[in-house]
Every structure is written in C-alpha cells, then in structure tokens.
Amino acid sequence: MQGFFDTCRILTFMLILAKEFKYLDILKKQKGGITMPMSADFQKRLEPILPEIIKCFGTPFHIYDERGIRQTGKRLKKAFKGVRGFKEFFAVKANPNLVLLKMMAEMGFGFDCSSIPELQIARQLGAQEKDVMFTSNNTSEEEFWQALKYGSCILNLDDISMIPKVPMWPKRICFRYNPGKRRTGNSIIGNPVEAKYGVTHEQIVKAYRLAKERGARKFGLHTMVASNELNYKYMVETVRMLSRVAEMVQNKLGIRFEFWNMGGGIGIPYRPEQEPVPIELLANEIKKILALFKAKNSYVPKLFMECGRYITGPHGVLVTTVINRMSKYREYVGVDACMSSLMRPALYDAHHTITILGKDDSDEQEVVDVVGSLCENNDKFAKQRKLPKTKEGDILIIHETGAHGLAMCFNYNGRLWPKELLLREDGIVELIRRAQTVADYLATQSFEPQIWELK
Ligand SMILES: *Cc1c(COP(=O)(O)O)cnc(C)c1O
C-alpha cells in the first residue's frame, strides 16, 4: 500500500513538473516574440476575441480577467495555509469596482478601506466588523463618527493624537506603526522618516497604554513600509519588525496582540525583465517568524495582509485605439484614452508595457511617445518607447491596469472616465461600469441655490 502511495506521489510530482515546464515554455516563447508582463494566459484568451469585444463596446476601456484574479486569490490563500487566522483585506482603493469587490468577498477576503465612501461600499457588500479595516490617515473627528455609525469596522489609528478624537471607544483597536529609521538590523527596510503615516517608535507603547486606559481589550498592530515592492524579503523583514514591536509593547503593558497586519505593497512586474514575487517563499519565511514568536511567547497573533495591486494589478489592461499619427520633433502615437484613465505614468513616471494587437517584436519598430488628448505635456503613456510601427486604427493594449488604474481617474479637461469590462470565467464579457457621461460630469453643479452675504 505504501508503495502505491509513493508511486502516486511521484506521478503527481512529475505531472506538476511537466506543467511547470510547459508554463516556462510559454514564458520563453513570449520573451522571444513579444514582451508581455501581462499574464500569458490572459493574453492568450483575450487577444483572439478583442476585435469583437471592441466592435461591441468601443474603445477605450479597462478589461479585467476574472480567472486570473481568482487564481491569484487562491494561490495567496494556499501559500498562507496553516498561518493562524490568515486573512487578506483587499485594499478597496486599488480597484473599487463592485463586481470585483464581490469576487473578493466570495474568496473570503475582507476590505481595507481608507475613507467613508469605501466603508459604505464594504457595508453595501455585506461585510461584517471583522471583515473591514478602516486605515485612514489625517482622519477628521467627523469621519470617526461616521466610520462607527456606518457599521462596525476595525479602527486602525494612524496617529497618537487621534486617540482622544475617537468617539465611543471600541473594544478592538489597531495602530499603524512607522518605524522611522530601520529597526530590524537588516538594511532592507528603508527609512520611512519622511512618510506621513503612523505612530512613531517612541510613541507606540504610549499609544497602546492610552488605548487600554480607554477600554480597548483587543489589540492589533499594523504597518505598511513598502509599496510595489518586488523583493519579498522586504515583507519578511516587515513581519519580523512587527514581531519585535509586539514583544516590546506586550512586555511593557502586559497585553496580547489579537492580530498583526503586515500591510499591502507586494509589487507586480510592470517591466518584462522583472520577476513576480515568489509568494510561497514569502509565506514560508513568515511562517518561520510566527513559529519563533509562538515558541517564545506561547501564543501567536493572527496574520492579516491588505494587498491591492498584487491581487488585481496584473489582471487588467487598458485597451485604446490609435486615432492620430503625428510627426513633430518626435514621433507621436495619439490614442483615444488619456492620463485621466490611467494616471500612473504621469504621476509616478511608472512604466506600463504596451503591446499592439496583431504585432510583435518581429515587426518593424520605431521609437515613439504614446499620448492622450489632455492639454498637459505629461499626458503620455510612454515616452521614447520602442514599439512596432503603428497606424491609425491599430489597437494598443496598455498592461497592468487592474489596480490603481481606473481607481485614480479624474476629469481634468472634461475628459470622462472610460468603461470597465470583465472577461468572466465562462468566457462572456460583461460591462461592469459604464463610461461617464456629460451629465455625470455636470452632476455636482445641479444643486439647491445657496448664498452667503454680510449682514
Ligand atoms: C495603498 C495601500 C494598500 C494597498 O497597496 P497595494 O500597493 O495596492 O498593495 C494597503 N494598505 C494601505 C494602508 C495603503 O495605503
């Protein structure tokens, strides 16, 4: 019998290996032919149907991949299986589309909210107290009132001065910790002294003491020291740092931590040469830290995480049509989307891979700026980028727009938000947000007249 099981195990292992090799093969082919960080699988399913989707919906639009999002969610949960109380709180700000957020709830994720409207969204989706983290910063007293009114949530306080501003002190409280200079004896975590977030190292014990005095009985410890970080060791060091701060606080105050929240910030490869974060390796390293903490303290807090980008980022693209080819001092590809639909390149000088439907690296190349229609010279999706030669009517696919894409839309120049589509697991493409209309744009200028005059 044992022999039979061993044979099965070996066969399964071989099957996994074969699958891995096939996957590597796809990747290799991609790197040779066309440079694409977007998932090979999404590309393979999207490109053949894209012309028909465009015929139906018109460009521009963001389109998301349900299968990819669910696979990433599954993979994350699997990697952290066995970690006590592990829970991902999806950062709503990364992609606040209700259909996607519903998917998050279905996967058992909670929500990390940074504002009252985001809390209302979470509430609308039926999230309970334990499913919602309210991580705001520079929060007003009014917002705390509303946060507690709009339903229970876990309050994550971003500053020691906010302690007296919290009305109706909850039983459960969390503080966001900002280490200032690195505290792990490891040079990996940088120097967040300039970050506006969190309670400082010197304030942290006092913060929990004050919370305890006000009746808090359940304690969480949160931090977020990295953003779009591809080096998984950053996150490992983050958890190590949390374990040390927790020990310091509990030794001084005799409290136990119900949970740690390691924040979001796991990066995704925006550039073809970048590698995705090895999430299983990350989880295994974190498990070691938790085991060590348990051995020393005879308990271990639950582990929370609040990634946005990692979950949806790679599973969305912005599809746009070339409407003008212009030759000035540079060559310009003018498209029908602009930075109001994807602000990251202009705001962070972020790189987003661009591919052209039906063309690849083997086609004739040229160096261009890809531009939108805003009266802003930083309205460029790419600067001096080598791309296959394009003409009017060609379709551009701008990659990795599943997080912090439409979420950051704005209306400058009267440019309206594009629509959002979902490529569902069953192959059907569904409109999940319509494009903005002029009426939407003008909506806030329709109101009851109101004046003030000096009496
Ligand atoms: C922005 C943010 C996140 C999500 O960041 P990602 O890069 O999308 O993972 C999570 N938590 C907090 C507090 C944030 O500010």
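Residue numbers count from 1 along this sequence. Whatever order the structure lists ligands and atoms in, that order sets their numbers, starting from 1.
Here the CD atom belonging to E430 is positioned 11.5 Å from the CD atom belonging to E420, to the nearest 0.5 angstrom.
Judged by distance alone, the side chain of K196 and the main-chain N or O of N137 form no donor-acceptor pair under 3.5 Å.
With sequence neighbours excluded, no residue forms a ring-ring contact (aromatic ring centres under 6.0 Å, His included) with Y232. Remark: F80 pairs with F86 by the ring-ring contact (aromatic ring centres under 6.0 Å, His included) rule, at least two apart or across chains.
The ring-ring contact (aromatic ring centres under 6.0 Å, His included) analysis of residues 117-136, with sequence neighbours excluded, yields no pairs.
Contact residues for ligand 1 (protein heavy atom closer than 4.0 angstrom to any ligand atom): A91, K93, D112, T135, R176, M224, G264, G265, E306, C307, G308, R309, H404.
Using a cutoff of 4.0 Å between basic side-chain nitrogens and carboxylate oxygens, R240 and E237 are scored as salt-bridged.
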